[in-house]
Amino acid sequence: MNHTDQINLGDPIVRHALYEAGKWSRRIAIISGILLGLAAIGIAIAVLVMPAFLNEAFLENPMLASMSPIYLGVMYVATVIIGIYVSIKLFQFGTILKGNGPRQALSNTATNEAFSNFLNILKVYAIFSVLSLVANLVMMFL
């Protein structure tokens, strides 16, 4: 086995790159979490306060008139919930990679845990993309 192509977590250049990835992951997770929280509040207010307005908007919009309001509601709620889950996992990923700073080496265990969180993000995106595609295809033919 050739060990020259192995990643050395103690290498300052690699460590700085992982630190930067962690720092930006945390920032993106915080911003997306805030925006998704605001979207959840907006959806809740719209559903609770303005149901008649929403029904009228559905009936007047030719693009939305053919779609079920329940379908769209489920898609919005699912998108927000999955988005919040992804934001949490991205924050955990960034927190582990950021660690104690760019000069502190990461352990293999910490790196494995960080990329396990990242793998969960990719799995959720894959599953949600397939389900969304299938749901949209079903709605096209109904």
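Below, all heavy atoms of this structure are taken into account, side chains as well, without hydrogens, waters or symmetry copies.
Between I96 atom CD1 and L18 atom CG the span is 12.0 Å, to the nearest 0.5 Å. Considering CG of N120 and CG of L90, their distance stands at 12.0 Å, rounded to 0.5 Å. One distance of note links CG of L122 with NZ of K89; it measures 12.5 Å at 0.5 Å rounding. Once rounded to the nearest 0.5 Å, the distance linking CD1 of I88 with CD of Q92 reads 7.5 Å. Between the NE2 atom in H16 and the CG atom in D11 there is a gap of 12.0 Å [rounded to 0.5 Å].
Within a 6.0 Å radius of CG in L48, other residues, nucleotides and ligands contribute more than 12 heavy atoms. Heavy atoms of other residues, nucleotides or ligands lying less than 6.0 angstrom from CZ of F128 number more than 12.
Hydrophobic cluster membership is shared by L97 and V14, with clusters built from Ile, Leu, Val, Met, Phe, Trp and Tyr side chains linked at under 4.5 angstrom.
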Could you pull out all donor-acceptor pairs under 3.5 Å where a side-chain atom in residues 19-40 meets a protein atom, sequence neighbours excluded?
{"unit_1": "E20", "atom_1": "OE1", "unit_2": "K23", "atom_2": "NZ", "d": "3.4"}
{"unit_1": "E20", "atom_1": "OE2", "unit_2": "K23", "atom_2": "NZ", "d": "3.2"}
{"unit_1": "S25", "atom_1": "OG", "unit_2": "A21", "atom_2": "O", "d": "2.6"}
{"unit_1": "R26", "atom_1": "NH1", "unit_2": "T95", "atom_2": "OG1", "d": "3.1"}
{"unit_1": "S32", "atom_1": "OG", "unit_2": "I28", "atom_2": "O", "d": "3.0"}
{"unit_1": "S32", "atom_1": "OG", "unit_2": "A29", "atom_2": "O", "d": "3.2"}
{"unit_1": "S32", "atom_1": "OG", "unit_2": "S87", "atom_2": "OG", "d": "2.7"}

Identify each donor-acceptor pair in which a side-chain atom of residues 102-110 lies under 3.5 Å from a protein atom, sequence neighbours left out, and give them as a table.
{"unit_1": "S107", "atom_1": "OG", "unit_2": "A110", "atom_2": "N", "d": "3.1"}

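Residues meeting the ring-ring contact (aromatic ring centres under 6.0 Å, His included) test with F115, sequence neighbours left out: F93. Remark: F91 engages no residue in a ring-ring contact (aromatic ring centres under 6.0 Å, His included) (not counting sequence neighbours). Shown here are the side-chain hydrogen bond (donor to acceptor under 3.5 Å, both in side chains) partners of R15, two or more places apart in sequence or in another chain: there are none.
I81 shares a hydrophobic cluster with V77; the chain of contacts runs through ILVMFWY side chains whose heavy atoms sit under 4.5 Å apart.
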